[in-house]
Amino acid sequence: MFVIGGLFGSFEQSMESARLWIHSLLFFIFTIACLYVLDTLVISNKLTTDYQNIQLKKQPQLPLRFRSDGTFKILQVADMHYGNGMVTRCRDVLESEFNYCSDLNTTHFLRKMIDIEKPDLIVFTGDNIFGSSATDAAESLFEVFAPAIESRIPWAAVLGNHDQESTMTREELMSFISLMDYSVSQTFPMEQQPMTNIDGFGNYNLEVRGAPGSYLSNSSILNLYFLDSGDRAIVDGVRTYNWIRESQLSWLRGLSKRFQVNTITGTMETY
């Protein structure tokens with residue numbers, strides 16, 4: 001009796017172990033099947049490059065030109081200090097206005113100014129975003145420049161001392177800005193090739209040619225120089241603001257000498 005009982009108990013244990021092994025195998029197969037379906041139907045579609053929907057930068061109409069009436073209008077936008085849109089409240093406003101004032105007020109104002117002025121070029125001159133308030137630099141930049149992009153007017157930008165305080169370096173910021181729709185911004189001066197041996201990011205020039213059909217239509221009669229004034233610096237142990245460096249001034253002097261107008265003939269001379 002004891003021998004039979006022992007054998008029967010061993011048989012039951014063997015059957016139980018077999019069932020557990022089969023259950024484990026089935027669970028493993030089920031898990032692999034789920035992962036395969038998830039990869040096939042969801043993940044692979046997200047990772048696969050869709051060559052039919054590649055987004056290319058929308059280029060502005062170039063070159064920049066004076067109008068036929070001899071005017072060229074620039075809308076300058078300075079110190080927007082943009083944060084996170086609707087959730088970033090205005091500073092230095094009345095208490096009664098606080099709950100209704102946000103970054104969206106700035107966006108609305110810029111759209112209105114573009115619509116009223118109809119500029120030939122929009123120029124953003126620094127502190128486009130306020131680093132300590134912008135949790136995602138790229139998202140904030142998209143919102144900052146949205147009115148300019150929507151207008152399809154060429155626009156350019158330089159950085160202030162607060163732009164890099166968010167999630168991107170100054171070089172990353174300028175590179176990102178240069179790739180945005182209708183932007184004519186540059187990270188480095190572009191002559192024959194990018195000049196990387198110059199202090200800062202966002203040093204470049206834009207040429208504005210004469211009106212279409214005029215004898216100056218193929219000549220640069222206005223040059224706009226953009227310089228990166230930096231952010232912060234330490235001088236004799238004191239934290240202060242940065243400044244324009246000699247390498248930038250040297251580039252500026254050299255370039256300006258190449259575009260000197262001959263006041264007698266009205267033509268461009270290169271030195």
Side-chain angles (χ1 to χ4, degrees), residues 57 59-60 62-64 72 74-82 120-132 134 137-138 140-141 144-145 148 154-180 182-209 219-262 268-271:
K57 173 183 175 178
Q59 299 289 352
L62 296 175
L64 299 173
F72 185 83
I74 299 174
L75 174 62
Q76 181 184 0
V77 185
D79 294 274
M80 293 182 74
H81 285 252
Y82 205 94
D120 300 290
L121 177 69
I122 305 170
V123 175
F124 297 87
T125 51
D127 282 353
N128 309 295
I129 62 175
F130 193 46
S132 58
S140 295
L141 288 176
V144 164
F145 301 125
W155 60 275
V158 290
L159 302 177
N161 62 296
H162 289 298
D163 289 283
Q164 80 292 332
E165 293 173 352
S166 181
T167 58
M168 299 171 74
T169 66
R170 295 181 75 80
E171 183 175 8
E172 290 170 341
L173 287 165
M174 279 309 305
S175 178
F176 188 80
I177 290 171
S178 69
L179 295 174
M180 298 180 77
Y182 304 106
S183 170
V184 292
S185 310
Q186 299 171 24
T187 308
F188 301 103
M190 299 290 291
E191 294 173 26
Q192 278 76 30
Q193 58 185 6
M195 293 179 58
T196 58
N197 60 338
I198 181 172
D199 289 287
F201 305 99
N203 302 292
Y204 58 100
N205 80 295
L206 297 176
E207 300 176 20
V208 185
R209 298 185 183 181
S219 300
S220 175
I221 57 176
L222 173 65
N223 276 68
L224 304 173
Y225 298 100
F226 296 80
L227 297 172
D228 179 13
S229 58
D231 47 88
R232 294 283 187 172
I234 303 296
V235 179
D236 296 330
V238 179
R239 189 167 181 260
T240 183
Y241 290 110
N242 217 316
W243 58 90
I244 294 173
R245 305 300 181 113
E246 183 57 38
S247 64
Q248 297 168 275
L249 295 176
S250 177
W251 165 76
L252 178 61
R253 295 188 194 102
L255 185 61
S256 64
K257 287 180 180 179
R258 295 173 48 195
F259 299 104
Q260 295 187 19
V261 178
N262 186 314
M268 300 299 299
E269 294 185 356
T270 302
Y271 295 90

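Values below: every heavy atom of this structure, side chains too, minus hydrogens, waters and symmetry copies. Counting begins at 1 with the first residue of the sequence.
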Reported CZ-to-CD distance for the pair Arg170 and Glu165, which is rounded to 0.5 angstrom: 9.5 Å

Phe124 CZ to Ser183 OG distance, which is reported to the nearest 0.5 Å: 9.5 Å

Could you give the distance from CE (Met168) to OG (Ser175), rounded to the nearest 0.5 Å? 7.5 Å

At their closest point, which heavy atom of Ala156 faces which heavy atom of Leu121, and how far apart are they? N-CD1, 4.4 Å

Any idea how Phe130 and His81 line up, ring-wise: parallel (<30°), tilted (30 to 60°), or perpendicular (>60°)? tilted

Is there a side-chain contact between Tyr241 and Arg232 in this structure, where contact means two heavy atoms from C-beta onward sitting under 4.5 Å apart? yes

Output for pair (Glu246 CD, Ile198 CD1), nearest 0.5 Å, gives 10.5 Å

Could you tell me which non-hydrogen atom of Asp127 sits nearest to which non-hydrogen atom of Asp163, and how far apart they are? N-OD2, 2.9 Å

What one should report as the nearest heavy-atom pair of Thr169 and Glu172 is N-OE1, 2.9 Å

side-chain contact (heavy atoms from CB on, under 4.5 Å) between Phe145 and Ile122: does it pass, once the steps are laid out? CA-CA 10 Å; Phe145 301 125; Ile122 305 170; over 6 Å; no

Of the options Asn203, Asp199, Leu249, which is the one that meets Ile244 in a side chain to side chain contact (heavy atoms under 4.5 Å, CB included)? Leu249

How many angstroms lie between atom OH of Tyr204 and atom CG of Asp228, to the nearest 0.5 angstrom? 10.5 Å

Can you name the one residue among Asn223, Leu222, Asp120 that meets side chain to side chain contact (heavy atoms under 4.5 Å, CB included) with Val208? Leu222

For Pro63 and Arg209, work out which heavy atoms get closest and say how close. CG-CD, 3.8 Å

Just to verify, which of Val123, Ile177, Leu75 counts as forming a side chain to side chain contact (heavy atoms under 4.5 Å, CB included) with Trp155? Ile177

Apply side-chain contact (heavy atoms from CB on, under 4.5 Å) to the pair Ser256 and Tyr225, showing each step before the final yes or no. CA-CA 9 Å; Ser256 64; Tyr225 298 100; 3.6 Å; yes

Taking all non-hydrogen atoms of both residues, which atom of Gln164 and which atom of Asp231 are closest, and how far apart? NE2-CB, 3.4 Å

Check: Val158 and Leu227 side chains under 4.5 Å, non-hydrogen atoms: no

Test your reading of the model: is there a side-chain donor-acceptor pair from Ser220 to the backbone of Glu207, 3.5 Å cut-off? no

Closest non-hydrogen atom pair, Ser178 against Ser185: CB-O, 3.3 Å

To the nearest 0.5 Å, what is the distance between CZ (Phe201) and CG (Leu173)? 10.5 Å

With heavy-atom distances below 4.5 Å as the criterion, would you say the side chains of Glu171 and Phe188 are in contact? yes

Cationic tip of Arg245 within the cone over Trp243's six-membered ring, i.e. under 6.0 Å and within 45° of the normal? yes

